[in-house]
Amino acid sequence: MLRPSTGILKNTTCWTLTVLSNAEGMLKTFIGFLGLAVAALCASSSTLQNVVVPKDHPLIFFHGRWDKSPETWWAGSGFKLHVENLQSLSLSLGNHTTTPLASIGVSVDYEPFVTVNVSVGTNTIIFEKSLTGAKAKSVVRINVEGWQNNRINLENIILNPGARLLPYTPSRLAFQFIGDSLSAGQFLPQGVDQAWPILTGEYVKAEHIVNAQSGAALTDIVSFGNQHGLSFQFFRTEDTGYYFTTDHNFTTPWEFRRDVPPATHVVIHIGANDSSQNVTQAAFIETFLNFLSRLRTIYHTQPIFVFTPWGWLNAGGTVSQYYPDAYQQIVDGRHRLGDRNVFLVNTTGWVTFADVFPDNQHPNVAGHAKIAGLFEKWLEQWESYDTLKHTVIFLSRT
């Protein structure tokens with residue numbers, strides 16, 4: 001402590017005390033500023049939290065078949081996100097997810113799908129390309145690849161700080177595909193994402209839904225482990241794998257109003273397993289016609305494309321066909337009822353032995369691409385010459 005003094009010393013003492021007093025004030029001011037800075041930092045850090053999107057967020061654009069959990073059924077089911085300032089994305093998946101994993105396809109901004117294996121818990125999606133400096137707005141598409149082991153039980157989606165969900169605007173064109181293993185992408189490395197239905201949908205820039213089940217017949221019979229045929233199962237939320245699912249071994253009616261947008265075109269390629277199960281041609285035709293009649297209660301005027309079989313290819317170049325002329329009779333049957341909006345797609349010669357896996361005669365990757373390309377050419381001709389039915393323009397995405 002300084003003692004008071006006279007003269008210069010006294011003045012000096014007073015000056016020294018003044019300096020100390022100012023220093024104290026400055027310290028208080030500095031502490032005040034520090035408090036404001038900390039508060040600002042805390043506020044800033046609160047805005048830097050990840051964006052957690054709950055499973056019922058209205059801007060998640062679901063497609064395909066989801067139950068109320070929600071969890072996926074059928075290959076190709078999934079969702080789309082339109083995101084501003086996207087840098088990272090994680091999926092939090094619940095206990096109904098296939099164990100040990102489910103394979104999903106991920107596409108950013110309509111690039112080709114890339115396989116990501118996910119499981120119960122938090123799954124960080126690693127993008128093939130860095131999104132740093134990319135477009136401010138991105139579209140992410142996610143779907144399940146497999147015809148089996150294809151359940152993802154969505155709990156929430158985690159986005160980077162600063163990301164913001166925007167409404168997703170779907171294409172005005174929507175293709176509904178119905179079939180068996182020849183459409184589901186069985187044996188392909190990326191499952192349905194490499195199969196001709198989705199390749200076709202990508203080409204015409206359409207929304208696409210695939211209800212195709214390996215081993216299933218159209219006739220409602222047991223076939224290669226499927227307890228039902230597509231004439232029953234198509235109208236259910238669950239695929240035929242429900243039968244082997246311990247936590248969900250039942251089916252529920254599908255609400256077709258949930259298909260947004262509703263299908264503008266319907267494509268059917270089925271019958272191989274009916275033939276394998278010795279369903280007679282007459283019985284198959286009757287089942288197919290009844291199926292089409294029921295479809296017309298949902299898709300009142302949409303064009304329906306009925307594929308003929310390309311057959312089972314053999315190494316010697318021969319082709320084993322099934323149900324000769326049946327598909328023409330089916331289309332003709334609808335025409336006799338006045339339904340001229342059912343079309344036969346003759347696939348004879350589309351597939352050769354080089355286009356299939358030799359050990360199972362299912363189309364390989366190149367084979368599916370070839371089938372898609374030939375159907376695309378068929379569609380272009382149909383769109384060009386069938387002006388009565390030319391109701392949809394193939395739009396480029398915006």
Side-chain angles (χ1 to χ4, degrees), residues 43-111 113-132 134-146 149-170 193 207 209 237-239 245-248 252 254-255 258-260:
S44 174
S45 65
S46 67
T47 63
L48 294 177
Q49 297 298 313
N50 286 331
V51 177
V52 179
V53 181
K55 62 186 178 183
D56 58 352
H57 195 288
L59 294 184
I60 301 175
F61 189 91
F62 291 98
H63 66 263
R65 304 283 173 95
W66 292 76
D67 65 25
K68 294 181 179 180
S69 297
E71 60 184 303
T72 50
W73 298 89
W74 303 87
S77 296
F79 61 88
K80 303 175 181 74
L81 302 173
H82 187 196
V83 190
E84 185 175 57
N85 299 323
L86 176 65
Q87 296 176 15
S88 66
L89 184 152
S90 298
L91 302 179
S92 179
L93 302 180
N95 291 331
H96 297 304
T97 301
T98 297
T99 56
L101 59 86
S103 295
I104 62 173
V106 180
S107 166
V108 179
D109 293 331
Y110 303 101
E111 291 290 322
F113 286 94
V114 176
T115 300
V116 178
N117 292 326
V118 295
S119 56
V120 176
T122 300
N123 301 266
T124 300
I125 307 301
I126 306 298
F127 298 113
E128 286 286 291
K129 296 180 181 179
S130 172
L131 296 179
T132 304
K135 294 191 308 181
K137 299 175 183 178
S138 301
V139 172
V140 180
R141 299 180 297 164
I142 291 177
N143 60 34
V144 290
E145 294 181 346
N149 301 323
N150 55 11
R151 297 169 69 203
I152 59 171
N153 175 203
L154 185 65
E155 291 189 333
N156 56 56
I157 301 166
I158 305 164
L159 305 175
N160 56 277
R164 184 167 72 96
L165 274 189
L166 304 171
Y168 171 79
T169 302
D193 285 336
E207 305 299 327
I209 296 176
T237 302
E238 299 79 5
D239 59 47
T245 304
T246 57
D247 58 2
H248 191 121
T252 55
W254 176 246
E255 300 174 31
R258 294 174 62 185
D259 287 339
V260 179

Worksheet item: Taking C-beta and beyond as the side chain, do Lys68 and Thr252 meet within less than 4.5 Å on heavy atoms?
Response: no
Worksheet item: To the nearest 0.5 Å, what is the distance between CD (Glu207) and OH (Tyr168)?
Response: 3.5 Å
Worksheet item: Which atom names give the shortest non-hydrogen contact between Arg65 and Thr237, and what distance separates them?
Response: CB-O, 3.3 Å
Worksheet entry | Side-chain touch Arg141/Phe113, heavy atoms, less than 4.5 angstrom | yes
Worksheet item: Are the side chain of Thr72 and the backbone N or O of Asn150 linked by a donor-acceptor pair below 3.5 Å?
Response: yes
Worksheet item: Run the side chain to side chain donor-acceptor pair (under 3.5 Å) check on Ser90 and Thr122 step by step: do they pass?
Response: CA-CA 6 Å; Ser90 298; Thr122 300; over 6 Å; no
Practice prompt. Look at the side chain of Ser138 and the backbone N and O of Asp109, then say whether any donor-acceptor pair between them is shorter than 3.5 Å.
Written response: no
Worksheet item: Are His82 and Thr169 side-chain neighbours, meaning at least one heavy-atom pair lies under 4.5 Å?
Response: no
Fill in: Intermediate values then yes/no, side-chain contact (heavy atoms from CB on, under 4.5 Å), Leu166 and Leu59
CA-CA 7 Å; Leu166 304 171; Leu59 294 184; 5.7 Å; no
Worksheet item: So, the side chain of Asn156 versus the backbone of Lys55: is there a donor-acceptor pair under 3.5 Å, distance only?
Response: no
Discussion item. For Ala75 versus Gly146, what's the shortest heavy-atom pair and its separation?
Written reply: CB-O, 3.3 Å
Worksheet item: Taking the side chain as C-beta and beyond, is there a heavy-atom pair between Ile142 and Val116 under 4.5 Å?
Response: no
Item to complete: State, to 0.1 Å, how close Asn143 and Gly76 come at their nearest heavy-atom pair, and which atoms those are.
Response: CB-O, 3.3 Å
Worksheet item: Hey, which of Val52, Leu165, Leu89, Val51 is the one that makes side-chain contact (heavy atoms from CB on, under 4.5 Å) with Ile157?
Response: Leu89
Worksheet item: Are any non-hydrogen side-chain atoms of Asp247 and His96 less than 4.5 angstrom apart?
Response: yes
Worksheet item: Are the side chains of Ile209 and Trp74 in touch, meaning some heavy atoms are under 4.5 Å apart?
Response: no
Discussion item. Are more than 12 heavy atoms, taken from residues, nucleotides or ligands other than Asn95, located less than 6.0 Å from that residue's CG atom?
Written reply: no
Worksheet entry | Flag side-chain contact, heavy atom, 4.5 Å: Leu81 against Ile60 | yes
Worksheet item: Measuring from Ser88:OG to Leu159:CG, what's the distance to the nearest 0.5 Å?
Response: 7.0 Å
Worksheet, complete the sentence: What one should report as the nearest heavy-atom pair of Pro70 and Asn153 is O-ND2, 3.2 Å
Worksheet entry | Any Trp66 side-chain heavy atom under 4.5 Å of Ile152 side chain | yes
Worksheet item: Quick one: CG on Asp259 to CZ on Phe62, what's the gap to the nearest 0.5 Å?
Response: 14.0 Å
Discussion item. Keeping Asn160 on the side-chain end and Asn85 on the backbone end, is there a donor-acceptor pair under 3.5 Å?
Written reply: yes
Worksheet item: Side chains of His248 and Glu238: is there a donor and an acceptor less than 3.5 Å apart?
Response: yes
Practice prompt. I would like to know whether Thr97 and Glu71 meet side chain to side chain donor-acceptor pair (under 3.5 Å); could you show each step before the answer?
Written response: CA-CA 8 Å; Thr97 301; Glu71 60 184 303; over 6 Å; no
Worksheet item: Only one of Thr98, Val120, Asn123 forms a side-chain contact (heavy atoms from CB on, under 4.5 Å) with Leu93, so which one is it?
Response: Asn123
